[in-house]
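Reminder, nothing fancy here: chain letters follow the sequence lines and each chain counts from 1.
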Amino acid sequence: MRLPRFEYSEPGTLEEACSLLAQADTKVLAGGTELLVKLKQKTITPRALVNIKSIPHLDRIEETEDGGLSIGPATTLHAAATSPLVRDRFGLVAEAAAAVGKPRIPYMATLGGNLCLDGRCFYYNQSLLWKQSLPPCYKDGGHLCHVVQGSDHCNALFVADTVPPLIALGAEVTLTGVDGETRMPLEDFYTGRGEEVNVLQPGQVLSRIRIPAPPPYSTGVYLKHSLREAIDFAVVGVALLLTVSPEDGTCRDARVVLGSVATRPLRAVAAEAALRGKALDEGLVRTAATLAAKETHPVSHLGVSATYKRRVIETLTKRAVRQAWRQAVAGSGSREGWR
Amino acid sequence: MGGGVGGGVGQDVADTRKRLTVTVNGRQCSLMVEPNRTLLEFLREDLGLTGAREACDTGGCGACTVLVDGRPVYSCLVLAVDCQGKDVLTIEGLAVDGRLHPLQQAFIDHGAVQCGFCTPGMILTAKALLDENPAPTDEEVREAIAGNICRCTGYVKIIEAIRAAGGTGKPACT
Ligand SMILES: Cc1cc2nc3c(=O)[nH]c(=O)nc-3n(C[C@H](O)[C@H](O)[C@H](O)COP(=O)(O)OP(=O)(O)OC[C@H]3O[C@@H](n4cnc5c(N)ncnc54)[C@H](O)[C@@H]3O)c2cc1C
Ligand code: FES
Ligand code: FES
């Protein structure tokens with residue numbers, strides 16, 4: 001499969017990139033592991049690509065004054081997964097980065113590209129030739145969804161692995177455009193619409209990812225289940241940030257974020273509420289996991305039934321809470337608290 | 001093929017090519033290439049290095065694996081122009097003065113090559129692994145080659161060959 005023709009530029013600054021991107025039908029090229037596949041399949045055929053990897057310092061990971069991290073979007077997933085700054089205190093992000101298309105994609109793909117990943121669907125992510133046998137779906141500008149008959153919206157799944165852990169940690173992103181910068185919680189970056197997954201406007205670049213210092217006495221976990229262990233998207237991904245009270249070991253706070261179950265990264269708010277303020281025991285673990293499975297509405301798709309997804313959500317949530325709880329008790333969590 | 005015009009049949013006359021200077025198998029080359037050319041197409045069609053294979057062409061099989069600055073990447077998903085100033089190693093660059101690399105020899109000795117389609121990608125992936133970890137365990141080898149698919153061998157002999165080349169495996173049966 002040949003790539004269609006496109007204009008190509010390597011800007012030296014973010015400002016230059018933004019003005020190039022403000023022109024019609026222009027896309028950011030980062031690691032290219034999603035974009036180039038879509039171009040080959042002619043799913044999209046942009047007029048121009050702007051390679052942001054040429055901009056200096058956009059691949060840096062730095063500690064911020066308040067003890068958090070500031071990560072450039074062009075940081076490769078491999079660099080994020082192996083950086084001691086990420087691994088030591090934000091282990092769940094490192095785990096998730098390493099799990100993206102494991103083991104090869106992390107060498108090529110970027111963290112920013114993962115955050116900006118489009119919704120995925122078996123019927124959308126196909127070649128033009130393949131798609132000619134079906135009427136266009138919502139995501140291709142049509143009026144139906146091939147996955148859910150009669151649905152009034154696109155059901156493409158949000159599958160990016162690094163996003164649930166980053167939302168659990170309360171990460172923020174900066175969007176830079178010709179008109180200046182906007183900062184927002186990563187959670188608000190996503191629209192929930194399969195057709196248009198995030199709020200990025202033409203001319204904007206996701207220019208920075210900030211993770212605040214983890215709360216004292218917190219531990220985090222990311223668990224991914226896929227049908228194959230290598231080169232595969234998640235059936236379900238579960239990120240958990242659990243904060244416990246050092247006095248009595250009760251759960252002070254919990255943030256549970258699910259990937260690959262909806263058109264957006266999903267907070268399991270009922271499960272979070274069930275855990276918050278309670279003494280952790282096996283019964284509570286089960287209750288929280290059951291709630292997480294119940295409060296989601298996955299759709300059956302290609303041999304992965306909604307029932308199966310729910311069971312995986314339940315199982316992974318259980319495992320995540322147990323693992324975080326064990327780590328918390330062992331004191332291997334956030335170093336601010338435990339030392 | 002050659003000339004570097006991938007894809008389009010357009011009649012536009014403007015030269016949209018970029019100069020690419022890259023080191024391939026230790027030799028620097030400088031060519032004009034179209035931006036829409038992948039590294040795989042550049043290697044196979046512009047340089048005639050057909051060791052890197054095209055199979056899925058979408059990042060899912062590993063047949064096109066080459067090393068860029070020592071890291072294994074899928075060359076079907078990298079733009080050639082994105083390799084400016086980089087160091088690319090393909091299977092053709094592995095033997096020195098006609099002497100096979102220990103990994104190549106081990107693949108032969110252990111019967112790890114059947115149709116051979118996956119072999120260049122497998123060997124380069126293994127090289128990147130051994131360069132970082134000269135004595136990998138079975139598990140580590142399996143993890144490293146998990147991004148390379150082989151339809152023929154069932155992987156066992158490939159794993160044996162890689163471990164033998166790393167000095168931690170069993171010698172080949174004679
Ligand atoms: C075989 C295979 C397996 C995969 N497995 C997984 C997996 O398990 N989990 C997973 O999450 N993904 C997976 N992916 C999808 C993809 O590789 C990853 O999501 C990757 O992180 C994308 O990053 P990239 O840098 O390659 O993005 P690109 O392909 O360069 O870009 C992706 C999209 O984001 C936009 N973009 C990129 N960076 C920015 C920025 N800074 N600002 C604004 N827009 C931007 C691009 O315009 C494009 O629309 C897989 C892909 C392949 C080919
Ligand atoms: S041809 Fe590149 S990964 Fe399959
Ligand atoms: S030897 Fe035939 S695919 Fe591996």
Item checked: Main-chain N/O of M1(A) paired to D57(B) side chain as donor or acceptor, under 3.5 Å -> yes
Check: Counting only N and O atoms by type, is there a donor-acceptor contact under 3.5 Å from the side chain of K18(B) to the main-chain atoms of Y8(A)?
Finding: yes
Check: For E10(A), is it the side chain, the backbone, both, or neither that has a heavy atom closer than 4.5 Å to a heavy atom of chain B?
Finding: side chain
Check: Which answer fits L39(A), side chain, backbone, both or neither, if we ask what part of it has an atom under 4.5 Å from a heavy atom of chain B?
Finding: neither
Check: Hey, mind stepping through R104(A) and T125(B) against side-chain contact (heavy atoms from CB on, under 4.5 Å) and telling me if it holds?
Finding: CA-CA 9 Å; R104(A) 195 65 40 79; T125(B) 301; 3.2 Å; yes
Could you measure the distance from the [atom1] atom of [X] to the [atom2] atom of [Y]? Nearest 0.5 Å is fine.
| X | Y | atom1 | atom2 | value |
| --- | --- | --- | --- | --- |
| K40(A) | N36(B) | NZ | CG | 11.0 Å |
| Q84(B) | N51(A) | CD | CG | 11.5 Å |
| E229(A) | R142(B) | CD | CZ | 11.5 Å |
| E34(B) | L3(A) | CD | CG | 11.5 Å |

Whether over 12 other heavy atoms sit under 6.0 Å from [X] [atom1]:
| X | atom1 | value |
| --- | --- | --- |
| E62(A) | CD | yes |
| R27(B) | CZ | no |
| R19(B) | CZ | yes |
| R151(B) | CZ | no |

Note to self: Check this for me, if you would: do R2(A) and E45(B) make a salt bridge, where the nitrogen-to-carboxylate-oxygen distance has to be below 4.0 angstrom?
What the structure shows: yes
Next item on the list: Please name the residue in the list I105(A), T33(A), L36(A) that meets the side chain to side chain contact (heavy atoms under 4.5 Å, CB included) test with Y74(B).
Entry: I105(A)
What part of [X] lies closer than 4.5 angstrom to a heavy atom of chain A: side chain, backbone, both or neither?
| X | answer |
| --- | --- |
| E54(B) | side chain |
| V78(B) | both |
| L79(B) | both |

Notebook entry, point to check: Which heavy atom of G147(B) sits nearest a heavy atom of P103(A), and at what distance?
Noted result: N-CD, 3.4 Å
Item checked: Largest heavy-atom contact set with chain A, pairs under 4.5 Å, which of D82(B), T38(B), T65(B) -> D82(B)
